[in-house]
Amino acid sequence: SEMGSGMQNWLFPQVLTYLIFLIGAVLLLRVLLGAAVKHVPDLIRASRGDHAVIVDVLVFCAIVLGYILLLDGLGFWLASFLMLSLASIYLTPKKTRRNMVLAVVVPLFACVLAYVVFLHVFYVPLPEATWWSGPG
């Protein structure tokens, strides 16, 4: 039997995708319903001093969008490492040399740990790189 064959190849990502979509839909519905009854949740009200936070959220969303677009070509592990490193570097408040090294080393160890857990404990198949994979 091949590791992760059959239904297991797509079940985990599909369930995760539907769960994320459901959470997003519930949050959007909550905001729209709150706006309809003129009671917008406090979390979406932004003061003039919150522009830095809004920029941080937009940059993080751009990093995640890049991750989604590069996932198929670079493969899960390299794309995840790059996304985690870029997010860590961007969101680190003090850009010292030590903090920058930590912002790269911690995602590296997180990816190695996730690799061991996903592939060797739970046997979860993950997307491989398509940009430099061989024929076949």
Side-chain angles (χ1 to χ4, degrees):
S1 153
E2 184 179 315
M3 180 178 77
S5 64
M7 184 172 56
Q8 293 173 351
N9 281 343
W10 59 268
L11 185 62
F12 179 74
Q14 287 287 66
V15 169
L16 192 58
T17 301
Y18 291 137
L19 180 64
I20 291 171
F21 178 76
L22 179 67
I23 291 170
V26 167
L27 291 174
L28 180 64
L29 183 64
R30 181 175 175 219
V31 168
L32 292 175
L33 188 62
V37 296
K38 306 290 187 224
H39 178 58
V40 181
D42 293 336
L43 293 177
I44 64 168
R45 290 187 187 147
S47 67
R48 292 187 186 267
D50 290 338
H51 292 296
V53 173
I54 293 170
V55 169
D56 287 346
V57 169
L58 291 176
V59 169
F60 188 76
C61 287
I63 291 171
V64 171
L65 180 62
Y67 171 72
I68 291 168
L69 295 174
L70 295 174
L71 183 64
D72 188 46
L74 292 179
F76 180 80
W77 299 113
L78 182 56
S80 296
F81 170 70
L82 289 175
M83 190 266 308
L84 290 172
S85 295
L86 286 173
S88 295
I89 288 168
Y90 179 77
L91 296 174
T92 298
K94 294 181 182 179
K95 308 273 192 254
T96 63
R97 181 177 172 87
R98 179 182 182 276
N99 288 348
M100 294 298 101
V101 169
L102 282 174
V104 174
V105 170
V106 170
L108 178 64
F109 282 119
C111 286
V112 169
L113 179 64
Y115 174 82
V116 170
V117 170
F118 283 173
L119 293 180
H120 298 294
V121 176
F122 295 122
Y123 303 108
V124 176
L126 297 165
E128 294 181 14
T130 59
W131 288 349
W132 50 68
S133 63

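Evaluation of the side chain to side chain contact (heavy atoms under 4.5 Å, CB included) rule for Arg97 yields no partner, not counting sequence neighbours. For Asn99, the side chain to side chain donor-acceptor pair (under 3.5 Å) partners at least two apart in sequence or on another chain are Thr96. Evaluation of the side chain to side chain contact (heavy atoms under 4.5 Å, CB included) rule for Ala114 yields Trp77 as partners, not counting sequence neighbours. With sequence neighbours left out, the side chain to side chain donor-acceptor pair (under 3.5 Å) criterion links Tyr115 to no other residue.
Through direct or relayed side-chain contacts under 4.5 Å between Ile, Leu, Val, Met, Phe, Trp and Tyr, Leu19 connects to Ile23, Leu27.
Put simply, the side chain of Trp131 does not reach to within 4.5 Å of the side chain of Asp72, judged on heavy atoms. Side-chain contact check for Ser88 versus Val106: every heavy-atom pair is 4.5 Å or farther apart. Using a 4.5 Å cut-off on side-chain heavy atoms (C-beta onward), Leu74 and Leu82 make contact.
Around CZ of Phe60, the count of heavy atoms belonging to other residues, nucleotides or ligands within 6.0 Å does not exceed 12. Other residues, nucleotides and ligands place no more than 12 heavy atoms under 6.0 Å from the NZ atom of Lys94.
Taken from CZ in Phe76 to OH in Tyr67, the straight-line distance is 4.0 Å, to the nearest 0.5 Å. Taken from CG in Leu22 to OG1 in Thr17, the straight-line distance is 12.5 Å, to the nearest 0.5 Å. To the nearest 0.5 Å, atoms CE (Met83) and CG (Leu71) are separated by 9.5 Å.
Residue Met100 is not grouped with residue Phe109 when hydrophobic side chains (ILVMFWY) are merged at heavy-atom distances under 4.5 angstrom, including chains of intermediate members. Leu86 and Ile68 fall within the same hydrophobic cluster, defined by Ile, Leu, Val, Met, Phe, Trp and Tyr side-chain heavy atoms under 4.5 Å apart, directly or through other members. Tracing side-chain contacts under 4.5 Å through hydrophobic residues (I, L, V, M, F, W, Y), one reaches Val55 starting from Ile63; they form part of the same cluster. Both Phe122 and Leu113 sit in one connected hydrophobic cluster of ILVMFWY residues. Membership requires side-chain heavy atoms under 4.5 Å apart, directly or through other members. No continuous path of ILVMFWY side-chain contacts below 4.5 Å connects Leu78 to Leu69, so the two sit in separate hydrophobic clusters.
The minimum heavy-atom distance between Pro107 and Leu102, with the atom names listed, is CD-O, 3.9 Å.
Applying the side-chain hydrogen bond (donor to acceptor under 3.5 Å, both in side chains) rule to pairs touching residues 52-66 yields Asp56-Tyr90, sequence neighbours excluded.
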